[in-house]
Trainee: 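This structure is in structure tokens; I'll ask about it shortly.
For the single chain, residues carry numbers from 1 onward in sequence order.
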Amino acid sequence: MTATTCVLRRCRNLTGMSVLLLAVGGCFSYSTVPLETIAPDQQARFILDQEAFGRVMNQAAMEGFPVQMMNLSGNRISGRVAGISAENVTIQLRGAGASVLSTQVATSAIQEAAIREFDRTNTIITLGASLGVAALMIQGGVFPGGTQGTGDVDPENMIGLRLFSISVP
């Protein structure tokens, strides 16, 4: 087996892993709710006014939180609600690795609130699509048991390719 073949197989395996991760993410959706109905420990998404969003971004940058990993479109932040009062909402934002930023946002600065819920229809669709893609990948020989032969692997001809790493705290 050549080094190119090894690299191509790793890329196909990475594609398969990406499809599985997308399938897991497709099981949930956000539904808009009144701010008063949100309770602590719920996963929520908030659309903030420009000033409050700027304050959250400044706080994140000052505390060394990886701002580049956040979705910065539409003045939107997503995180777990740690506490809620009449004046403020405390939100825990998750970043790369185990980084967490706890920030307070004035309730008057929140333009829209939505909570994350299990979506049965999306789950069925993504599960069906994932099974279809997995079947095609098995048929194409990406997974063991497919139609392509594996051949002998010579470890001296293999190239180590580090595509990503996961840090464990």
Side-chain angles (χ1 to χ4, degrees), residues 7-8 10-134 136-137 142 160-169:
V7 170
L8 289 175
R10 283 198 179 180
C11 288
R12 283 187 272 179
N13 288 338
L14 183 62
T15 303
M17 198 64 140
S18 300
V19 168
L20 291 175
L21 289 174
L22 280 173
V24 171
C27 295
F28 296 93
S29 64
Y30 284 94
S31 59
T32 305
V33 295
L35 186 59
E36 299 81 33
T37 62
I38 295 178
D41 289 333
Q42 282 186 314
Q43 186 72 22
R45 179 178 65 201
F46 300 97
I47 298 177
L48 308 177
D49 63 18
Q50 190 67 34
E51 184 180 337
F53 184 74
R55 270 190 253 128
V56 170
M57 290 299 107
N58 285 339
Q59 179 188 358
M62 296 292 279
E63 294 185 19
F65 189 76
V67 178
Q68 66 275 13
M69 300 299 288
M70 295 176 63
N71 180 5
L72 301 177
S73 63
N75 294 345
R76 193 179 322 165
I77 60 171
S78 298
R80 184 158 305 281
V81 176
I84 190 164
S85 68
E87 298 85 28
N88 293 316
V89 177
T90 304
I91 307 163
Q92 291 179 336
L93 307 173
R94 298 237 178 247
S99 61
V100 177
L101 173 70
S102 185
T103 185
Q104 284 194 348
V105 177
T107 55
S108 60
I110 297 174
Q111 296 176 345
E112 182 180 303
I115 58 171
R116 184 176 168 195
E117 296 178 328
F118 179 75
D119 190 335
R120 185 178 179 158
T121 305
N122 282 353
T123 301
I124 292 170
I125 291 170
T126 55
L127 183 61
S130 298
L131 290 174
V133 169
L136 289 173
M137 292 176 80
V142 174
L161 181 62
R162 181 180 229 160
L163 295 175
F164 64 90
S165 64
I166 300 173
S167 63
V168 179

Trainee: What's the spacing between Thr126 OG1 and Leu131 CG if we round to 0.5 Å?
Mentor: 9.5 Å
Trainee: Answer whether the closest heavy-atom distance between the side chains of Ile110 and Leu48 falls below 4.5 Å.
Mentor: yes
Trainee: Which pair of non-hydrogen atoms, one from Asn75 and one from Gln50, has the smallest distance, and what is that distance?
Mentor: ND2-OE1, 3.0 Å
Trainee: Could you pull out the closest heavy-atom pair between Val81 and Ala44, with the gap in Å?
Mentor: CG2-CB, 3.9 Å
Trainee: Looking at Asn88 and Ala106, what are the two nearest heavy atoms and their distance?
Mentor: OD1-CA, 3.5 Å
Trainee: Donor-acceptor pair, distance only, cut-off 3.5 Å: does the side chain of Thr107 make one with the backbone of Ala86?
Mentor: yes
Trainee: Can you tell me how far apart CZ (Arg55) and CE (Met62) are? Round to the nearest 0.5 Å.
Mentor: 14.5 Å
Trainee: So which heavy atom on Ala82 is nearest to which on Pro40, and how close?
Mentor: O-CB, 4.1 Å
Trainee: The test is side chain to side chain contact (heavy atoms under 4.5 Å, CB included); show your working for Val105 and Phe46 and say whether it passes.
Mentor: CA-CA 10 Å; Val105 177; Phe46 300 97; over 6 Å; no
Trainee: Working to the nearest 0.5 angstrom, can you tell me the gap between Arg116 CZ and Ser29 OG?
Mentor: 9.5 Å
Trainee: Taking Tyr30's backbone N and O only, do any of them form a donor-acceptor pair with Gln43's side chain (distance below 3.5 Å, no angle check)?
Mentor: no
Trainee: Which value, rounded to the nearest 0.5 Å, describes the distance between Thr103 atom OG1 and Glu63 atom CD?
Mentor: 8.0 Å
Trainee: With a 3.5 Å distance limit and no angle check, can you tell me whether Arg76 reaches the backbone of Ile47 through a side-chain donor-acceptor pair?
Mentor: no
Trainee: Do Phe65 and Leu93 touch side chain to side chain, with heavy atoms closer than 4.5 Å?
Mentor: yes
Trainee: Nearest 0.5 Å please: distance from the CD1 atom of Ile84 over to the CG atom of Asp41.
Mentor: 12.0 Å
Trainee: Would the number of heavy atoms belonging to other residues, nucleotides or ligands and lying under 6.0 Å from CZ of Arg45 be above 12?
Mentor: yes
Trainee: Where is the tightest heavy-atom contact between Gln42 and Thr37, given as atom of each residue plus distance?
Mentor: OE1-O, 4.1 Å
